[in-house]
J.: 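The structure follows.
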Amino acid sequence: MDDQIPVTRAVDSGTAKLMPDVDRDRAWLLTVDGAPQSYVDLDDPEHLEFEYARRLAHVLDGAAPEGEPLDVAHLGGGALTLPRYLAATRPGSRQDVVEFDRALLDLVTEHLPLPDGVPVTVHAADARQWLARGLAERYDVLVADVFGGSRVPAHLTSLEYARAAERVLRPGGTYAANLADGAPFDFLRSQLAVFAAVFAHVALVAEPAMLRGRRFGNAVLVASHQEIDVAHLARRAAADPFPARVEHGAALRAFTGDARPVGDGEAVASPTPPGGSFGIG
């Protein structure tokens, strides 16, 4: 998209806007109903503007030796920021992207197309239904970044969902999810309990101020049957412009407290962010 002109379009989940970044050529911010969804630099796909995207990328970076292709499924498409990043950092990676909003996909592929020849397949489907199709493929990493507006949908927070996610991973594969919550962290604690009930190892990457309850924010949950390389995640997260820490082991169990896994009948969406937490223009 060479013309730096904002684009507004009605999509299935609301009103989407593509807004150019005046400081970077061919860089765009995608919002839906005022909530930032993605940021992408078409000339520099390794530039990740949002902190949560960097933290998810740290998980991808540590999933295999540098440059080695991965098989990755992304639940939630947005502007395809992480698929572009992975295609640049690990050429030849096979990627499936699942996005329920077909009109949003059309907007992104029309105005922010992927480079030719990149092995990324985009599916217009609900993430939970896609996982339930009995897929023959298995993945090294499953990334979940699904928000309906600014909330994680309830059907992507349950024990049954976590088990469905586990089934599409290879042995030792990694699940990584972008979540959002604030004190008293009822939602985040329940998610930790859900994934600890399914996977042998769980870690959480978040800014210290957020974990101390000072503000509402994003946290990246990481789960695997293989021991998580916490040292790698901690080094990368600490070096970010907004440093984060990695909670795991006894400290994470203490944070989770007496939260218990929730099934489909009890699952709720993530809380609505307080006014001004994520909104933009």
J.: Do Leu179 and Val268 share a hydrophobic cluster, counting only Ile, Leu, Val, Met, Phe, Trp and Tyr and linking them when any side-chain heavy atoms are less than 4.5 Å apart?
T.: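 Not linked; separate clusters.
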
J.: Rounded to the nearest 0.5 Å, what's the gap from CG on Leu192 to CG on Leu252? Could you check?
T.: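 Nearest 0.5 Å value for the CG-CG distance: 5.0 Å.
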
J.: Roughly how far, to the nearest 0.5 Å, is CZ of Arg138 from CZ of Arg170?
T.: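 CZ of Arg138 is found 9.5 Å from CZ of Arg170.
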
J.: Please answer whether the main-chain N or O of Asp33 pairs with a side-chain N or O of Thr15 as donor and acceptor at a distance below 3.5 Å.
T.: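 No: the side chain of Thr15 does not pair with the backbone of Asp33.
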
J.: Quick one: does Asp264's side chain get under 4.5 Å of Arg128's, heavy atoms only?
T.: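 The answer is yes; the side chains approach within 4.5 Å.
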
J.: Return yes if some donor-acceptor pair links the side-chain N/O of Gln191 with the main-chain N/O of Thr157 below 3.5 Å, else return no.
T.: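 Pair found, side chain donor or acceptor close to backbone of Thr157.
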
J.: Do Leu18 and Glu110 make a side-chain contact, defined as non-hydrogen atoms from C-beta onward lying under 4.5 Å apart?
T.: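 They are not in contact (no side-chain heavy atoms under 4.5 Å apart), so the answer is no.
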
J.: Are Asp44 and Arg24 within salt-bridge range, i.e. N to O under 4.0 Å?
T.: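 Counted as a salt bridge, because a side-chain N and a carboxylate O are separated by less than 4.0 Å.
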
J.: Crowded around Glu137 CD? As in, over 12 foreign heavy atoms under 6.0 Å?
T.: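 Buried by this count: over 12 neighbours within 6.0 Å.
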
J.: Determine whether Thr31 and Met19 satisfy the following criterion, side-chain contact (heavy atoms from CB on, under 4.5 Å), listing intermediate values before the conclusion.
T.: CA-CA 8 Å; Thr31 68; Met19 295 180 284; 3.6 Å; yes

J.: Do the non-hydrogen side-chain atoms of Thr89 and Tyr85 ever get within less than 4.5 Å of each other?
T.: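 Answer yes - side chains close enough.
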
J.: Students often mix this up, so state it plainly: with edges at 30° and 60°, are the rings of Tyr139 and Trp130 parallel, tilted or perpendicular?
T.: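 Tyr139 and Trp130: tilted rings.
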
J.: Can you list the steps and then say if Leu188 with Met210 is a side-chain contact (heavy atoms from CB on, under 4.5 Å)?
T.: CA-CA 12 Å; Leu188 188 56; Met210 184 263 188; 4.2 Å; yes

J.: Keeping the roles fixed (side chain from Ser93, backbone from Leu70), state whether a donor-acceptor pair exists under 3.5 Å.
T.: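 Looks like yes, one N/O pair under 3.5 Å.
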
J.: Hey, are Arg214 and Glu207 close enough for a salt bridge, meaning a charged N less than 4.0 Å from a carboxylate O?
T.: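 Salt bridge between Arg214 and Glu207, a charged N being under 4.0 Å from a carboxylate O: no.
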
J.: Does any part of the side chain of Pro6, heavy atoms only, come nearer than 4.5 Å to the side chain of Pro20, both counted from C-beta?
T.: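 Pro20 reaches Pro6 side chain to side chain.
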
J.: Hey, does Asp181 have a side-chain heavy atom less than 4.5 Å from the side chain of Ser270?
T.: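 The answer is no; the side chains never approach within 4.5 Å.
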
J.: Heavy atoms only: give me the nearest Leu30-Ala16 pair and the separation to one decimal.
T.: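 Closest heavy-atom pair between Leu30 and Ala16: CD1-CB, 4.3 Å.
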
J.: Taking the side chain from Arg84 and the backbone from Ala79, do they hold a donor-acceptor pair closer than 3.5 Å?
T.: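 It does hold such a pair.
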
J.: Examine Val120 and Phe100 and state if one hydrophobic cluster contains both, with Ile, Leu, Val, Met, Phe, Trp and Tyr joined whenever side-chain heavy atoms are less than 4.5 Å apart.
T.: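 In one cluster: no.
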
J.: Using 30° and 60° as the class limits, which term best fits the ring planes of Phe195 and Phe199: parallel, tilted or perpendicular?
T.: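 Answer is parallel, since the angle falls under 30°.
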
J.: Hey, quick one: are Leu211 and Leu221 part of the same hydrophobic cluster, counting side-chain heavy atoms closer than 4.5 Å, chains of contacts allowed?
T.: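 Both belong to a single hydrophobic cluster.
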
J.: Around atom CD of Glu46, are there more than 12 heavy atoms of other residues, nucleotides or ligands at under 6.0 Å?
T.: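 Yes, CD of Glu46 has more than 12 neighbouring heavy atoms, counting only those of other groups under 6.0 Å.
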
J.: If I take atom CZ from residue Arg167 and atom CG from residue Leu142, how far apart are they, to the nearest 0.5 angstrom?
T.: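 Answer for the CZ-CG pair, Arg167 versus Leu142, is 12.0 Å.
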
J.: Return the minimal non-hydrogen interatomic distance between Val152 and Asn178, and the atom names on each side.
T.: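 Shortest heavy-atom contact: CG2-O, 4.2 Å.
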
J.: Walk me through whether Glu166 and Arg163 qualify under salt bridge (Lys or Arg N to Asp or Glu O under 4.0 Å).
T.: CA-CA 5 Å; Glu166 179 205 28; Arg163 289 171 177 155; over 6 Å; no

J.: To check you understand the geometry: which heavy-atom pair defines the closest contact between Leu159 and Ala197, and what is its length?
T.: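 Smallest interatomic distance, heavy atoms only, reads CD1-CB, 3.9 Å.
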
J.: I'd like to know whether Leu131 forms a side-chain contact (heavy atoms from CB on, under 4.5 Å) with Tyr161, so could you lay out the CA-CA distance, the side-chain angles of the two residues, the decisive distance to 0.1 Å, and finally the verdict.
T.: CA-CA 9 Å; Leu131 289 174; Tyr161 162 73; 3.7 Å; yes

J.: So do Arg94 and Thr121 actually touch side chain to side chain, heavy atoms under 4.5 Å?
T.: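 Contact flag for Thr121/Arg94 side chains = no.
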
J.: Measure from the side-chain N and O atoms of Asp41 to the backbone N and O of Ala27, and report whether any donor-acceptor pair falls under 3.5 Å.
T.: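 Answer holds: no.
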
J.: Roughly how far, to the nearest 0.5 Å, is CG of Asp126 from CG of Asp101?
T.: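 Spacing of CG (Asp101) from CG (Asp126) equals 12.0 Å.
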
J.: So that I can tick it off, tell me whether Arg90 and Asp140 are bridged by a salt bridge, with the cut-off set at under 4.0 angstrom between side-chain N and carboxylate O.
T.: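 Judged by the 4.0 Å cut-off on N to carboxylate O distance, Asp140 and Arg90 do not form a salt bridge.
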
J.: Working to the nearest 0.5 angstrom, can you tell me the gap between Glu99 CD and Asp106 CG?
T.: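 Those atoms lie 10.5 Å apart.
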
J.: Do you know which two heavy atoms are closest between Val194 and Pro261, and how far apart they sit?
T.: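 Val194 and Pro261 have their closest heavy atoms at CG2-CA, 3.8 Å.
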
J.: Tell me, which pairs form a ring pair (Phe, Tyr, Trp, His ring centres under 6.0 Å) where one or both residues lie in residues 230-271, sequence neighbours left out?
T.: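 Sorted result for residues 230-271: Phe185-Phe255.
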
J.: Would you name the heavy atoms of Pro243 and Pro241 that are closest together and state the gap between them?
T.: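 Answer, listing the atom of Pro243 first, then Pro241: CD-O, 3.4 Å.
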
J.: Pick from Leu56, Asp229, Leu233, Val202: which one makes a side chain to side chain contact (heavy atoms under 4.5 Å, CB included) with Val222?
T.: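 Between Val222 and the candidates, side chain to side chain contact (heavy atoms under 4.5 Å, CB included) is satisfied uniquely by Leu233.
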
J.: Measure from the side-chain N and O atoms of Glu49 to the backbone N and O of Tyr39, and report whether any donor-acceptor pair falls under 3.5 Å.
T.: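 Such a contact is absent between Glu49 side chain and Tyr39 backbone.
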
J.: Among all residues two or more places apart in sequence or in another chain, which pass the side-chain hydrogen bond (donor to acceptor under 3.5 Å, both in side chains) test with Arg245?
T.: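 With neighbours one apart ignored, the set is Glu247.
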
J.: Measure the shortest side-chain to side-chain distance between His74 and Leu82 over non-hydrogen atoms and say whether it is less than 4.5 angstrom.
T.: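 When only atoms from C-beta onward are counted, Leu82 and His74 do touch, with a gap below 4.5 Å.
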
J.: About how many Å separate CG of Asp145 and CG of Leu156, when rounded to the nearest 0.5 Å?
T.: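 Between Leu156 CG and Asp145 CG, I get 11.5 Å after rounding to 0.5 Å.
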
J.: Please report the shortest heavy-atom distance between Pro36 and Phe50, naming the atom on each side.
T.: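 Looking at all heavy atoms of both residues, the closest pair is CB-CZ, 3.9 Å.
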
J.: If you count heavy atoms of other groups shown closer than 6.0 angstrom to CZ of Arg102, is the number above 12?
T.: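 Check fails, neighbour count at 12 or below.
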
J.: The test is side-chain contact (heavy atoms from CB on, under 4.5 Å); show your working for Val40 and Leu42 and say whether it passes.
T.: CA-CA 6 Å; Val40 61; Leu42 298 179; 4.3 Å; yes

J.: Are any of the side-chain heavy atoms of Asp21 and Leu29 separated by less than 4.5 Å?
T.: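 A side-chain contact under 4.5 Å is absent here.
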
